Amino acid sequence: MKHAGPQALDELESILREIRKVEGLIEKKRGTFYYRGNAMLHFHEDPLGFFADLKVDGEFIRLAVNTKREAAEFLRRATVALRAVVSRHPKSDA
């Protein structure tokens, strides 16, 4: 399964826009998100469709993002998981 290319990411743009709203994440490369130097999320494409690899509790899980229902479930899970990481490790004001 290869990482999502530019055309696949174009199709996933509505999902990417929502993920970009999570404060603290850095999109180092289109569709690849990090928090404090740690990879948190990226996307794949293959003949079966599009998939997101999301880090949850230190391990990547793979979630399909091909239907509106799958995308909505992914966004719900991703938002919860990513905000949890950011809230556990906030930027210091020092």
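Worth knowing before you read on, the calculation uses all heavy atoms, side chains too, and leaves out hydrogens, waters and symmetry mates. These numbers come from a predicted model, not from an experiment.
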Ignoring hydrogens and angles, tell me if any N or O in the side chain of [X] forms a donor-acceptor pair with the backbone of [Y] under 3.5 Å.
{"X": "Asp46", "Y": "Gly49", "answer": "yes"}
{"X": "Asn66", "Y": "Phe50", "answer": "yes"}
{"X": "Glu27", "Y": "Arg20", "answer": "no"}
{"X": "Lys28", "Y": "Tyr34", "answer": "no"}
{"X": "Glu70", "Y": "Phe74", "answer": "no"}
{"X": "Arg30", "Y": "Leu9", "answer": "yes"}

Please tell me whether [X] and [Y] are part of a single hydrophobic cluster in this structure, the criterion being side-chain heavy atoms less than 4.5 Å apart.
{"X": "Phe51", "Y": "Leu16", "value": "no"}
{"X": "Met1", "Y": "Leu48", "value": "yes"}
{"X": "Phe33", "Y": "Val85", "value": "yes"}
{"X": "Ile61", "Y": "Leu75", "value": "yes"}
{"X": "Phe43", "Y": "Leu54", "value": "yes"}

Arg69 atom CZ: more than 12 heavy-atom contacts under 6.0 Å: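 Open.
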Return the NZ to OG1 distance between Lys21 and Thr79, rounded to the nearest 0.5 Å. 9.5 Å
Side-chain contact test, heavy atoms from C-beta onward, threshold under 4.5 Å: evaluate it for Glu45 versus Glu11 and give yes or no.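 Result no, sub-4.5 Å side-chain heavy-atom pair not found.
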Is the shortest side-chain heavy-atom distance between Leu41 and Ile19 below 4.5 Å?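 Heavy-atom side-chain distance check passes, below 4.5 Å.
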Residue pairs involving residues 72-84 (criterion salt bridge (charged side-chain N to carboxylate O under 4.0 Å, His left out); sequence neighbours excluded):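 Listed once each, the pairs are Glu73-Arg76.
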Could you walk me through whether His3 and His42 pass side-chain contact (heavy atoms from CB on, under 4.5 Å), step by step? CA-CA 8 Å; His3 283 257; His42 58 272; 3.3 Å; yes
